[in-house]
Trainee: 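What follows is a structure written as structure tokens; I'll ask about it next.
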Amino acid sequence: MSSKSPDLRVIEATHVAPPQGTIAGYATLPLTFFDVLWVHLPYPFVERLFFYRYPHPTSQFVSSLLPSLKSSLSITLEKFYPLAGNLRLTPKTDDKFEIYNVEGDSVSFTVAECNEKFEDFSGYHEREVSRFQNFIPQLLKSDELQPLFAVKVTVFPDAGIAIGITVHHAACDGTSSMQFMHEWAATCHSQTRTSSQGPLIDRNLISDPCNLYNIFHDGMLEIRKAIVALASSDEPMLAPASSLGPMLATFTLSQEHIQKLKQLVLTNAKERNVSFHCSTIVVSIAYVVVGYFQAKCIDKSTRVGFGLSADYRSRLQPPLPIEYFGNCVGFVMADLDLSDLIRENGVALVAEAIGRDIKRLDDGLKGAENWIEQFKSFFANPIIGSAGSPKFKVYGVDFGWGRPEKVDIISAAKTGSMALAESKDVPGGVEIGLALPKSAMNYFKKYFENGLEQLPV
């Protein structure tokens, strides 16, 4: 099979706008310190692919489903209007960014057809990352305006549909973007406006008494330089997809596996008389981290890092409602010597390191002025991050033709992060998408499968 992304026949390349009158003239939405963290990253885009079974010809999709898909998108953009706008520098400033909306704004919407096998792309097996590229919509900057959202729908005749979305992370986090997807799907499914109130769009709800915006803006500019310098290396979170080796695969931890991992971790913690936050996410990430760095064949004396993002809405004072639209995430960053990580109790040690840092989040934004320095230290070592969350319920995004067959975060595969989601078929389970070179993937698969078989009964 070719490693080239398949050629697609473009059926329609258009734009979808919110209903007329959504914006009276123009509107601006200033970025907060949570948002500006993402502006200067070399690759600030989140790319998701939703694969659906659809055993009908392309002509039937175009005549029967496409009109409702576009009209429901327009309706949903009325509530989530910032996604139809553009990111820009606030006029007469050189460091203040805003989302700028004017009447007539729209999002790019492309429909294409692919004559290759749907199953080659929509499975859990190893797939070449580069093969997904043409299914992902691009956000191309022009005239100092950066689009924030785009859609590309690819039809596999008589087999399935892929809905690809790209979101600029400065516009919103995963909680907000997945709220948008659920709203869009529900509107399409019901063929009418939903009764939900929609997102809460008010950046004044986030105060900044410590001037975190300037600290984060200036600090991320420095970090960008370091990331760009490392982009040609083989550091897992910073390298382009091609140097990661082109293989993307998805692994599932069942609820039984997760409970056994928790038992293993908590037993080890009791023996060492330590306590920390131990959750499904913590043990899932810990299990993957150990196998990931073993598969990378890094020198045992190396310090390695692992991290995840955490929703801060409930952690702020006063807390924000879950409907708040924008970015509101903090970061868990932990590290260990690889020699400790590969010990017999390595999973427990990684879980402890993550769990201890999660506990720090209870203090809200205390110490947030030090995040940039922590980032710099974190990026100095081989690292793996995480994207997504089982809480997003990606397999509940039903446009009216059934649940997704598969959901992938392609941007995570490109940047070397693991992608987390709820299991499609195993209640209480977790899916982990991971990209590795072929030889490293073979090692990780053996580690993953053999390790689960050896868990205590």
Side-chain angles (χ1 to χ4, degrees), residues 12-40 44-46 67-110 137-151 165-173 175-177 179-184 186-188 192-208 213-214 217 320-321 323-328:
E12 179 179 312
T14 185
H15 286 77
V16 174
Q20 189 172 3
T22 298
I23 299 296
Y26 73 94
T28 59
L29 194 64
L31 297 198
T32 70
F33 57 84
F34 282 120
D35 303 317
V36 80
L37 279 168
W38 305 96
V39 169
H40 295 302
F45 308 114
V46 180
S68 60
L69 196 62
K70 291 165 65 176
S71 63
S72 58
L73 175 58
S74 174
I75 292 170
T76 308
L77 285 171
E78 182 176 17
K79 294 180 179 179
F80 292 81
Y81 70 86
L83 290 177
N86 291 275
L87 179 68
R88 72 171 188 179
L89 268 173
T90 302
K92 299 181 180 180
T93 74
D94 58 8
D95 62 355
K96 304 301 181 186
F97 289 85
E98 64 185 13
I99 297 175
Y100 177 63
N101 289 88
V102 297
E103 181 69 41
D105 276 341
S106 60
V107 301
S108 172
F109 189 97
T110 305
Q138 305 300 303
L139 293 177
L140 302 178
K141 185 176 181 179
S142 63
D143 298 328
E144 305 305 318
L145 296 177
Q146 170 65 66
L148 298 173
F149 180 68
V151 178
I165 65 166
T166 301
V167 183
H168 195 296
H169 213 318
C172 63
D173 56 22
T175 296
S176 291
S177 65
Q179 285 176 353
F180 170 86
M181 290 301 297
H182 283 287
E183 179 82 11
W184 179 18
T187 302
C188 185
T192 185
R193 296 174 187 269
T194 68
S195 59
S196 73
Q197 294 183 347
L200 177 60
I201 303 174
D202 184 357
R203 299 296 168 84
N204 291 321
L205 294 174
I206 295 182
S207 60
D208 187 11
Y213 182 98
N214 286 343
H217 174 272
L320 295 180
E323 294 81 11
Y324 171 79
F325 179 86
N327 285 286
C328 194

Trainee: How many angstroms lie between atom CD1 of Ile23 and atom CG of Asn101, to the nearest 0.5 angstrom?
Mentor: 4.5 Å

Trainee: Please report the shortest heavy-atom distance between Leu200 and Pro321, naming the atom on each side.
Mentor: CD2-CG, 3.4 Å

Trainee: Does any part of the side chain of Leu87, heavy atoms only, come nearer than 4.5 Å to the side chain of Phe97, both counted from C-beta?
Mentor: yes

Trainee: Can you find a side-chain donor-acceptor pair between Asn327 and Asp35 that sits under 3.5 Å?
Mentor: yes

Trainee: Is the backbone of Cys172 close enough, under 3.5 Å, to the side chain of Ser176 for a donor and an acceptor to pair up by distance?
Mentor: no

Trainee: Start with the C-alpha distance between Phe325 and Tyr81, add both sets of side-chain angles, then the distance that settles side chain to side chain contact (heavy atoms under 4.5 Å, CB included), and finish with yes or no.
Mentor: CA-CA 11 Å; Phe325 179 86; Tyr81 70 86; over 6 Å; no

Trainee: Find out whether Pro82 and Ile201 are in side-chain contact, i.e. whether some heavy atom of one side chain is under 4.5 Å from a heavy atom of the other.
Mentor: yes

Trainee: Quick check on the 6.0 Å ring-centre criterion: do Phe149 and Phe80 meet it?
Mentor: no

Trainee: Taking the side chain as everything from C-beta on, heavy atoms only, tell me whether Leu139 gets closer than 4.5 Å to Gln146.
Mentor: yes

Trainee: Roughly how far, to the nearest 0.5 Å, is the OG1 atom of Thr166 from the CD atom of Gln138?
Mentor: 6.5 Å

Trainee: With heavy-atom distances below 4.5 Å as the criterion, would you say the side chains of Tyr213 and Phe34 are in contact?
Mentor: no

Trainee: Mind listing the closest non-hydrogen atom pair of Pro147 and Lys141 along with its distance?
Mentor: CD-CA, 4.1 Å

Trainee: Do Lys96 and Val36 come within less than 4.5 Å of each other through their side chains, counting heavy atoms only?
Mentor: no

Trainee: Do the rings of Trp38 and His169 sit parallel, tilted or perpendicular, given the 30° and 60° boundaries?
Mentor: parallel

Trainee: How about Val107 and Leu77: do any of their side-chain heavy atoms sit closer than 4.5 Å?
Mentor: yes

Trainee: What closest approach, in Å, do Pro19 and Ser74 show between heavy atoms, and which atom pair accounts for it?
Mentor: CD-O, 3.2 Å

Trainee: Where the side chain of Thr22 meets the backbone of Pro18, is there a donor-acceptor pair that is under 3.5 Å apart?
Mentor: no

Trainee: Grab the two heavy atoms, one from Leu31 and one from Ala170, that are nearest each other, plus how far apart they are.
Mentor: CD2-O, 3.9 Å

Trainee: Hey, are Glu323 and Lys79 close enough for a salt bridge, meaning a charged N less than 4.0 Å from a carboxylate O?
Mentor: no

Trainee: So how far is it from Ile75 CD1 to Thr187 OG1, rounded to the nearest 0.5 Å?
Mentor: 6.5 Å

Trainee: Would you please test Leu29 and Tyr100 for side chain to side chain contact (heavy atoms under 4.5 Å, CB included) and show each step?
Mentor: CA-CA 7 Å; Leu29 194 64; Tyr100 177 63; over 6 Å; no

Trainee: Taking the side chain as C-beta and beyond, is there a heavy-atom pair between Asp105 and Asn86 under 4.5 Å?
Mentor: yes

Trainee: Search all heavy atoms of Cys328 against all heavy atoms of Asp173 and return the closest pair with its distance.
Mentor: N-OD2, 3.0 Å

Trainee: Which heavy atom in Pro137 sits nearest to a heavy atom in Ala150, and how many Å separate them?
Mentor: CG-O, 3.4 Å

Trainee: We want to know whether Glu183 and Thr76 form a side-chain donor-acceptor pair, criterion being a heavy-atom distance below 3.5 angstrom.
Mentor: no

Trainee: Decide yes or no for Val151 and Lys70: does some side-chain heavy atom of the first lie under 4.5 Å from some side-chain heavy atom of the second?
Mentor: no

Trainee: Check step by step if side chain to side chain contact (heavy atoms under 4.5 Å, CB included) holds for Arg203 and Tyr324.
Mentor: CA-CA 9 Å; Arg203 299 296 168 84; Tyr324 171 79; 3.0 Å; yes

Trainee: Quick one: pull up OG1 in Thr90 and CG in Asp95 and give me the separation to the nearest 0.5 Å.
Mentor: 9.0 Å

Trainee: Is a side-chain N or O of Asp143 found less than 3.5 angstrom from the main chain of Leu145, in a donor-acceptor match?
Mentor: no

Trainee: What class does the angle between the rings of Trp184 and Phe180 fall in, given that below 30° is parallel, 30 to 60° is tilted and above 60° is perpendicular?
Mentor: tilted

Trainee: Go through His168 and Phe45 one step at a time and tell me if the ring-ring contact (aromatic ring centres under 6.0 Å, His included) criterion holds.
Mentor: CA-CA 5 Å; His168 195 296; Phe45 308 114; 5.4 Å; yes

